[in-house]
Amino acid sequence: MNVEISAVGSAGAQAAQRRRAGSFWLSAGLLALLMFAASAPSPLYPTYAARWHLSPITVTAVFAVYAVTLLVALLVLGALSDHIGRRPVIVGALVAEALAMVVFLSAHGLTALYAARGIQGLATGAATSALSAALLELQPPGRAATASLVNSCAPSFGLALGALATSVLVQYGPSPTRLIYWIMLVTTLIGLAAVVRMPEPGRRSPGALASLRPTVSVPASSRGAFLAALPCLIATWSLGGLYLSLGPALAAQLAGSANHLWGGLLIFLLMATGAAAPVAGRGLAARTAMTAGCLTLIGGLAVTALAIGQLWVWLLMVGSAIAGVGFGLSFMGAFRTVTASAPPADRAALIASVYTASYLAFSIPAVIAGIITTHLGLRSTSLGYACAVALLAGIAVVGSAVVHRGRRPEPSADVPPCPCSVPAPQAR
């Protein structure tokens with residue numbers, strides 16, 4: 001009898017472990033899916049612009065709506081799943097994501113694009129917070145770095161694959177402004193059905209209404225490190241904003257071709273190398289990673305500027321891949337540099353400040369570039385943008401050297417949350 005009870009208990013434990021593993025990879029897949037959907041509209045911007053006579057400033061404004069609403073969702077809803085559970089927040093976010101796909105499918109003008117991107121930003125901001133926490137809670141026993149690695153890689157690879165897959169479907173598939181959204185709608189609904197059946201991974205606690213109050217601050221002990229890293233944060237995220245908004249149009253202009261694959265490939269190279277670099281360099285100390293990343297970013301931008309000046313689209317792709325490596329390494333180094341400077345009690349508020357600055361840099365410079373493009377043209381604007389980003393990266397290298405002068409080398413850390421995807425924890 002005891003043997004039978006033991007066997008039943010063992011079978012039950014194995015079944016629970018399988019459910020836990022399934023929920024972990026479901027959460028990872030949904031995180032990648034949301035980022036896939038986030039970059040999917042980017043290769044379509046030139047099509048929308050031609051069909052509805054949209055100016056570059058309008059295109060960047062559509063992109064900025066997504067970035068701003070995502071930031072609002074992070075700051076307001078980022079801690080909600082701590083109080084009402086991960087699953088309800090994920091379910092609500094996926095419902096909103098499905099609604100965004102429906103709005104994209106029915107879009108016949110600019111207003112619908114604004115609405116769809118706004119809803120999508122809210123859905124992504126709410127879901128990534130809960131999904132990132134769920135990954136930490138569901139990670140396999142004895143593999144503590146797995147959740148950190150997935151949190152770092154899945155979103156950026158989702159962004160990369162979303163842009164590339166959409167460009168292929170737009171160029172070679174039927175119904176270029178509809179097919180990708182039908183696919184995303186069906187996939188989102190399948191994910192929603194799976195989440196409904198998923199066991200709740202988190203614990204509920206009181207204070208849900210209080211958690212909706214956004215709070216960001218930079219503690220006094222971290223102000224020097226934050227100011228030193230700020231140019232790096234602005235440089236990396238503003239570059240990502242340019243690529244996801246005006247990048248496809250720039251690639252098409254340099255290629256002299258209307259093939260949408262150029263734009264998708266451009267975003268893919270930046271985001272894919274940006275995701276791989278922090279994993280490859282995760283053993284680097286913070287200052288080393290930030291300095292090496294900024295210098296690599298400057299090198300990639302120099303190659304990119306040469307490509308723009310000479311109208312060499314192949315060199316633009318090479319420069320984007322190099323810049324992507326710098327993008328990933330420099331953000332990893334900046335993130336570690338800032339967070340290591342704060343005591344644990346102040347760290348959540350500091351990280352919120354890091355992401356607030358980053359997402360503002362993700363949106364505002366891209367809109368400014370859109371305005372300038374209407375007067376100077378896309379190539380001249382992109383050249384100036386590359387120079388400005390390179391200057392900021394150079395300032396970050398100097399600032400890092402000043403801040404770290406006389407300090408002991410800091411230890412390396414796990415891979416941090418990846419750029420463009422993972423939310424800011426809330427300070428309460």
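Along the sequence shown, residues are numbered consecutively beginning with 1. This is a predicted model, so every value here is computed, not measured.
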Decide yes or no for Leu301 and Leu239: does some side-chain heavy atom of the first lie under 4.5 Å from some side-chain heavy atom of the second?
yes
Do Leu329 and Met290 come within less than 4.5 Å of each other through their side chains, counting heavy atoms only?
no
With sequence neighbours left out, the residues meeting side-chain hydrogen bond (donor to acceptor under 3.5 Å, both in side chains) with Gln171 are His260
Please name the pair of heavy atoms, one in Leu159 and one in Ile267, separated by the smallest distance, quoted to 0.1 Å.
O-CG2, 4.5 Å
Only one of Thr188, Ile183, Leu189 passes side chain to side chain contact (heavy atoms under 4.5 Å, CB included) with Leu185; say which it is.
Leu189
Walk me through it: do Val95 and Leu99 pass the test side-chain contact (heavy atoms from CB on, under 4.5 Å)?
CA-CA 6 Å; Val95 170; Leu99 176 61; 5.7 Å; no
Check for a donor-acceptor pair, side chain of Arg287 on one end and backbone N or O of Thr337 on the other, with a separation under 3.5 Å.
no
Checking Ile190 now: which residues fulfil side-chain contact (heavy atoms from CB on, under 4.5 Å) with it, not counting sequence neighbours?
Val186
For residues 319-327, please give each side-chain donor-acceptor pair under 3.5 Å, one per line with the distance, not counting sequence neighbours.
| unit_1 | atom_1 | unit_2 | atom_2 | d |
| --- | --- | --- | --- | --- |
| Ser320 | OG | Tyr243 | OH | 2.7 |
| Ser320 | OG | Leu316 | O | 2.8 |

Arg117 side-chain N/O to Tyr66 backbone N/O, donor-acceptor pair under 3.5 Å:
no
Please report the C-alpha distance between Leu71 and Phe362 in whole Å, then the side-chain angles of each, then the deciding distance to 0.1 Å, and finally whether the side-chain contact (heavy atoms from CB on, under 4.5 Å) criterion is met.
CA-CA 10 Å; Leu71 174 61; Phe362 197 44; over 6 Å; no
Are any of the side-chain heavy atoms of Pro56 and Leu246 separated by less than 4.5 Å?
yes
Within a strict 4.5 Å, meaning less than it, do heavy atoms of the Thr177 and Arg51 side chains meet?
yes
Minimum heavy-atom separation for Ala126 to Leu77, with atom names?
CB-CD1, 3.8 Å
Hits for side-chain contact (heavy atoms from CB on, under 4.5 Å) against Ala100, two or more places apart or cross-chain, chain-then-number order -> Ile119, Gln120
Give me the atom names and distance for the closest heavy-atom approach of Ser27 to Met198.
OG-SD, 4.2 Å
Distance (rounded to the nearest 0.5 Å) between Leu122 CG and Leu70 CG
8.5 Å
With sequence neighbours excluded, residues passing side-chain hydrogen bond (donor to acceptor under 3.5 Å, both in side chains) with Ser39:
none
Please check if the side chain of Thr291 supplies one atom and the backbone of Thr288 the other of a donor-acceptor pair under 3.5 Å.
no
Scan for ring-ring contact (aromatic ring centres under 6.0 Å, His included) pairs involving residues 30-58, sequence neighbours excluded, and state none if there are none.
Tyr48-Trp52
Do any N or O atoms from the side chain of Ser167 and from the backbone of Leu164 form a donor-acceptor pair under 3.5 angstrom?
yes
For the pair Ser257 and Trp262, evaluate side-chain contact (heavy atoms from CB on, under 4.5 Å) and give the outcome as yes or no after the intermediate values.
CA-CA 8 Å; Ser257 169; Trp262 288 112; 4.0 Å; yes
In chain order, what residues pass the side-chain hydrogen bond (donor to acceptor under 3.5 Å, both in side chains) check against Thr374, with sequence neighbours excluded?
none
Give the minimum heavy-atom separation between Tyr359 and Ala67, together with the two atoms involved.
CD2-O, 4.2 Å
Rounded to the nearest 0.5 Å, what separates atom CD1 in Ile308 from atom CD in Gln253?
9.5 Å
Determine yes or no for a side-chain-to-main-chain donor-acceptor pair under 3.5 angstrom, with Thr69 supplying the side chain and Val65 the backbone.
yes
Would a 4.5 Å heavy-atom cut-off, applied to side chains only, mark Glu200 and Pro88 as touching?
yes
Look at the side chain of Ser238 and the backbone N and O of Ala235, then say whether any donor-acceptor pair between them is shorter than 3.5 Å.
yes
Expected output: side-chain Arg86 to main-chain Leu131 donor-acceptor under 3.5 Å
no
Contact summary for Leu383 and Gly309, nearest pair of heavy atoms
CD2-N, 4.4 Å
Tell me, do Val389 and Thr236 make a side-chain contact under 4.5 Å, heavy atoms counted?
no
Ile395 vs Val398 side-chain heavy atoms within contact, under 4.5 Å
no
Yes or no on side-chain contact (heavy atoms from CB on, under 4.5 Å) for Val170 and Leu179, after CA distance, side-chain angles and deciding distance?
CA-CA 8 Å; Val170 170; Leu179 180 59; over 6 Å; no
Can you pull the ring-ring contact (aromatic ring centres under 6.0 Å, His included) pairs that have at least one residue in residues 158-188, sequence neighbours excluded?
Phe104-Tyr181
Suppose we screen for side-chain contact (heavy atoms from CB on, under 4.5 Å). Which residues come up paired with Leu315, at least two apart in sequence or across chains?
Val303, Leu306, Ala307, Trp312, Val318
Give the minimum heavy-atom separation between Val313 and Ala251, together with the two atoms involved.
CG2-O, 3.8 Å
With sequence neighbours left out, write down each residue that passes side-chain contact (heavy atoms from CB on, under 4.5 Å) with Ser245, or none if nothing qualifies.
Thr60, Phe63, Ala366
Who passes side-chain hydrogen bond (donor to acceptor under 3.5 Å, both in side chains) against Arg379, sequence neighbours left out?
none
If you measure from OG on Ser382 to CG on Leu250, what distance do you get to the nearest 0.5 Å?
4.5 Å
Flag the pair Ile368 / Ile364 as yes when at least one side-chain heavy-atom distance between them is below 4.5 Å, and no otherwise.
yes
CG/Leu266 to CG/Leu261 distance, rounded to the nearest 0.5 angstrom?
11.0 Å
Is it the case that the side chain of Ser358 and the backbone of Val354 share a donor-acceptor pair, with hydrogens and angles ignored and the cut-off at 3.5 Å?
yes
